[in-house]
Structure formats: C-alpha cells, structure tokens
Amino acid sequence: MATSKQFIIDFSEKIKEIPEVAFRAMFGEYVLYYRGKVIGGIYNETLLVKPIKELENILPEAELRIPYEGAKPMLIVKSYE
C-alpha cells in the first residue's frame with residue numbers, strides 16, 4: 001500500500017514550522033530530509049527514521065521495521081496502520 005496524498009497533506013501541515021525538514025516523493029512513498037540529508041521516510045503511512053543513538057535514547061520503546069526489501073531497519077516513530 002502506498003502512502004496516500006491526504007496523509008502527506010496532513011503531515012506537511014504538522015511539520016510546516018520546521019523549515020529544515022523536507023520530503024520528496026519516490027516510488028509511491030516519501031523520503032524525509034533534514035537540512036538536505038536523508039533521515040528517514042514515510043512508508044505505508046508510517047513515519048520511519050534512521051536509528052541513531054540519540055533517537056534510540058528518546059524513543060526507547062520504538063520498534064524497528066524494514067521499509068522495503070533490501071533496506072536497513074528504521075525506527076517507527078508513528079504508524080497510522
């Protein structure tokens with residue numbers, strides 16, 4: 001299931017106050033950037049981020065998920081499934 005346009009519209013509204021965050025459509029999903037660097041993505045209406053130590057400390061209960069075949073596991077920040 002690809003991420004819906006409405007999900008991206010809602011997500012855009014929530015992050016509009018953070019100008020350093022951007023995303024780009026790619027194969028029906030969205031890659032998430034912070035200051036021009038890839039930090040995660042939105043896959044199947046789930047916000048995933050790279051599992052860096054700082055985020056693992058902030059989100060100790062976050063589960064890991066592989067967003068697509070061949071990808072490295074990412075932290076689930078928010079799932080709308």
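For clarity, every value in this text was computed on a predicted model and none was experimentally measured.
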Item to check | Closest contact, heavy atoms only, L64 versus P51 | outcome: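 Reported closest heavy-atom pair: CD2-CB, 4.1 Å.
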Do [X] and [Y] belong to the same hydrophobic cluster, where Ile, Leu, Val, Met, Phe, Trp and Tyr are linked whenever their side-chain heavy atoms lie under 4.5 Å apart, directly or via other members?
X   : Y   : value
M26 : V38 : yes
L48 : Y33 : no
I66 : I42 : no
F7  : I18 : yes

Next on the checklist: Under the criterion side chain to side chain contact (heavy atoms under 4.5 Å, CB included), I'd like the reasoning laid out for V49 against M74: C-alpha separation, chi angles, the key distance, then a yes or no.
Outcome noted: CA-CA 5 Å; V49 293; M74 296 179 145; over 6 Å; no
[atom1]/[X] to [atom2]/[Y] distance, rounded to the nearest 0.5 angstrom?
X   : Y   : atom1 : atom2 : answer
Q6  : E45 : CD    : CD    : 9.5 Å
I39 : K50 : CD1   : NZ    : 9.0 Å
T3  : I8  : OG1   : CD1   : 5.5 Å

Validation: residues 52-62 side-chain donor-acceptor distances under 3.5 Å, sequence neighbours left out:
from, atom 1, to, atom 2, distance (Å)
N57, ND2, K53, O, 3.4

Checklist entry - Any chance CD of E63 has more than 12 other-residue heavy atoms, nucleotides or ligands included, within less than 6.0 Å? => result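 Open.
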Next on the checklist: Below 30° counts as parallel, above 60° as perpendicular, anything between as tilted: where do the rings of Y68 and Y43 land?
Outcome noted: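 The rings of Y68 and Y43 sit tilted, inter-plane angle from 30° to 60°.
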Checklist entry - Is any side-chain heavy atom of F11 less than 4.5 Å from a side-chain heavy atom of L32? => result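 The answer is yes, as the side chains (C-beta and beyond) meet within the 4.5 Å cut-off.
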Checklist entry - How far apart are the C-alpha atoms of F23 and I15, what are their side-chain angles, what is the distance that settles it, and do they pass the side chain to side chain contact (heavy atoms under 4.5 Å, CB included) test? => result CA-CA 11 Å; F23 55 89; I15 66 164; 4.1 Å; yes
